[in-house]
Structure formats: structure tokens, C-alpha cells
Asker: 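Just dropping this structure here.
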There are 2 protein chains.
Amino acid sequence: MQDDPVINFGKRVRDLRDSRAITQDELAHLAGMDRSYVGQIERGEKNITIRNIHKLANALQVSPKDFFD
Amino acid sequence: MQDDPVINFGKRVRDLRDSRAITQDELAHLAGMDRSYVGQIERGEKNITIRNIHKLANALQVSPKDFFD
DNA sequence: GTGTGACTGAGAGTCCGTG
DNA sequence: CCACGGACTCTCAGTCACA
């Protein structure tokens with residue numbers, strides 16, 4: 001069982017993004033971040049900060065809580 | 001209304017710590033962090049990363065979701 | 001017991017490109 | 001459309017001394 005928060009967070013972002021049928025590029029643009037960075041987050045390669053968590057939550061129109069399920 | 005996530009997160013940490021009646025020193029020890037670092041987080045001076053959010057959640061025995069209310 | 005400023009190494013985050 | 005890379009800049013992690 002993989003319980004690294006960075007991994008789980010990335011999976012959650014990908015799920016939410018897929019459910020909205022948008023690309024990494026589009027999500028990056030909505031959140032005001034770099035396209036390759038979004039990819040790195042989804043792959044669990046980056047230890048994201050709380051400010052960017054909020055940016056992604058807003059871009060995906062969810063509560064930050066929804067990333068921790 | 002102060003909606004900087006860094007500020008709100010700090011307040012939430014302080015509230016949860018106070019409700020447990022422990023010092024910054026004790027929380028820092030439980031979370032495996034430096035005492036002054038915890039203070040900086042509570043004051044909203046640090047844009048904390050997701051891994052440290054989880055450390056604090058574990059130390060306070062709450063879910064990471066509880067920081068986002 | 002806590003607030004604060006200063007500090008260094010590590011890693012967050014960007015920009016460019018490739019298959 | 002995405003994974004992955006190099007090369008870069010900026011900021012966070014983590015600690016310390018002192019108020």
C-alpha cells in the first residue's frame with residue numbers, strides 16, 4: 001500500500017482532471033502553472049506546496065479537502 | 001476576509017494545538033520538526049508542503065482534511 | 001513559551017525541447 | 001496529448017541565536 005502523500009495527491013489530481021475531461025495543458029493554464037509541472041505532480045514527483053494545492057482546487061472547482069480521500 | 005491558504009492553515013494548526021493543550025515545542029517533537037519552524041507555520045510565514053502537512057496531521061491525530069475548514 | 005531575522009542546501013517551479 | 005529530460009531561478013526546509 002502506497003501511502004506517500006505525494007503519490008496519493010497526484011493520483012487524486014489525475015482522477016479529478018480526467019473526470020472533467022481536460023488535458024494537463026488546460027489544467028495548467030486554469031491553475032496558472034507550468035504544463036510540465038502538472039505532469040510531475042500527477043506522477044508523484046513533486047512535493048507540492050499548500051498555495052498550489054489551492055490553485056489546483058480552484059482550477060478543478062473542488063475543495064482542497066477533496067484531494068485527501 | 002483573509003483567504004490566503006497559508007494564513008488559514010496556520011490558524012488551524014494553532015487552534016488544533018491549543019485544543020490539545022500542548023506547546024509548540026511538544027508539537028514540533030511529535031511531528032519531528034524544529035520548534036521555531038512550527039511557530040513560523042502557525043504565523044503563516046511558511047508555504048508548507050504536502051509532506052509536512054501530513055506530518056502535522058499525524059502529530060495532531062487528525063485527517064489532513066481537517067486543516068481545510 | 002514564543003516571535004523573529006538571518007542563514008545554507010535542497011528542492012519547488014519554469015521554460016525549452018524531444019519521442 | 002503526455003512522459004521525460006536539461007538547465008535554469010526562486011523559494012521552502014530546517015536550524016540557530018537572541019529578544
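Given the structure is predicted, the values throughout are model-derived calculations rather than measurements. All chains are named by letter (A, B, ...) in the order of the sequence lines, taking the proteins before the strands, and each is independently numbered beginning at 1. Values below: all heavy atoms of this structure, side chains included; hydrogens, waters and symmetry mates excluded.
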Asker: Output yes when at least one side-chain N/O atom of Q24(A) is less than 4.0 Å from OP1 or OP2 of dA3(D), else no.
Answerer: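 Yes, such a contact exists.
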Asker: Report the distance from atom CG of D34(B) to atom CG of D25(B), rounding to the nearest 0.5 Å.
Answerer: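 So the CG of D34(B) and the CG of D25(B) are separated by 9.0 Å.
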Asker: What is the separation between atom CD on E42(A) and atom P on dG13(C), rounded to the nearest whole Å?
Answerer: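 About 15 Å, once rounded to whole Å.
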Asker: CD of E26(B) versus P of dG1(C): gap in Å, rounded?
Answerer: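 Checked: the CD to P distance equals 7 Å.
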Asker: Rounded off to whole Å, could you give me the CD1-to-P distance for the I41(B) and dA13(D) pair?
Answerer: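 In whole Å, dA13(D) P and I41(B) CD1 are 7 Å from each other.
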Asker: Hey, does the side-chain of S36(A) have a donor or acceptor N/O within less than 3.5 Å of a partner on the base of dC15(C)?
Answerer: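 Checked by distance alone, the answer is yes.
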Asker: With DNA chain D as reference, determine whether D34(B) or N47(B) sits nearer its 5' end, using the nearest nucleotide of each.
Answerer: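 Its nearest nucleotide lies further toward 5', so the answer is N47(B).
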Asker: Round to the nearest Å and state the distance from K46(B) atom NZ to dG3(C) atom P.
Answerer: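 Between P of dG3(C) and NZ of K46(B): 15 Å.
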Asker: Centres of the F68(A) and F67(B) rings: under 6.0 Å?
Answerer: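 No, the ring centres sit 6.0 Å or more apart.
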Asker: Report yes if a side-chain nitrogen or oxygen of Y37(A) is closer than 4.0 Å to either non-bridging phosphate oxygen (OP1 or OP2) of dT14(C); otherwise report no.
Answerer: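 Answer no for this pair, as no side-chain N or O of Y37(A) is under 4.0 Å from OP1 or OP2.
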Asker: Ignoring backbone atoms, establish whether R35(A) has a side-chain N or O less than 4.0 Å from OP1 or OP2 of dC2(D).
Answerer: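 No, outside the criterion.
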Asker: Are OP1 or OP2 of dG13(C) and a side-chain N or O of T49(A) less than 4.0 angstrom apart?
Answerer: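 Yes, within the criterion.
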Asker: Between C1' on dC4(D) and CD on E45(A), what's the gap in Å once rounded to a whole number?
Answerer: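 Going from E45(A) (CD) to dC4(D) (C1'), I get 8 Å.
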Asker: In this structure, how many angstroms lie between the C1' atom of dA12(C) and the CD1 atom of I48(B), rounded?
Answerer: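 About 14 Å, once rounded to whole Å.
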Asker: Compare side-chain N and O positions of R17(B) against OP1 and OP2 of dT2(C) and report whether any pair is under 4.0 Å apart.
Answerer: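 Answer yes for this pair, as a side-chain N or O of R17(B) is under 4.0 Å from OP1 or OP2.
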Asker: Charged N to carboxylate O below 4.0 Å: is that the case for R17(A) and E42(A)?
Answerer: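 Counted as a salt bridge, because a side-chain N and a carboxylate O are separated by less than 4.0 Å.
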Asker: In whole angstrom, give the distance that lies between atom CZ of F9(A) and atom P of dA12(C).
Answerer: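 Interatomic distance, CZ of F9(A) to P of dA12(C): 13 Å.
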Asker: Would V62(B) and R12(B) count as a side chain to side chain contact (heavy atoms under 4.5 Å, CB included) here? Give the steps.
Answerer: CA-CA 12 Å; V62(B) 297; R12(B) 201 80 188 91; over 6 Å; no
Asker: Kindly say if R14(B) contacts the phosphate of dG3(C), meaning a side-chain N or O under 4.0 Å from OP1 or OP2.
Answerer: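 Answer is yes, contact under 4.0 Å.
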Asker: Starting at atom CG of N52(B), determine the distance to atom C1' of dT11(D), rounded to an integer number of angstrom.
Answerer: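 My rounded result for the distance is 14 Å.
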Asker: Regarding D66(B) and K65(A), does a basic nitrogen lie under 4.0 Å from an acidic carboxylate oxygen?
Answerer: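 The answer is no: the pair does not qualify as a salt bridge.
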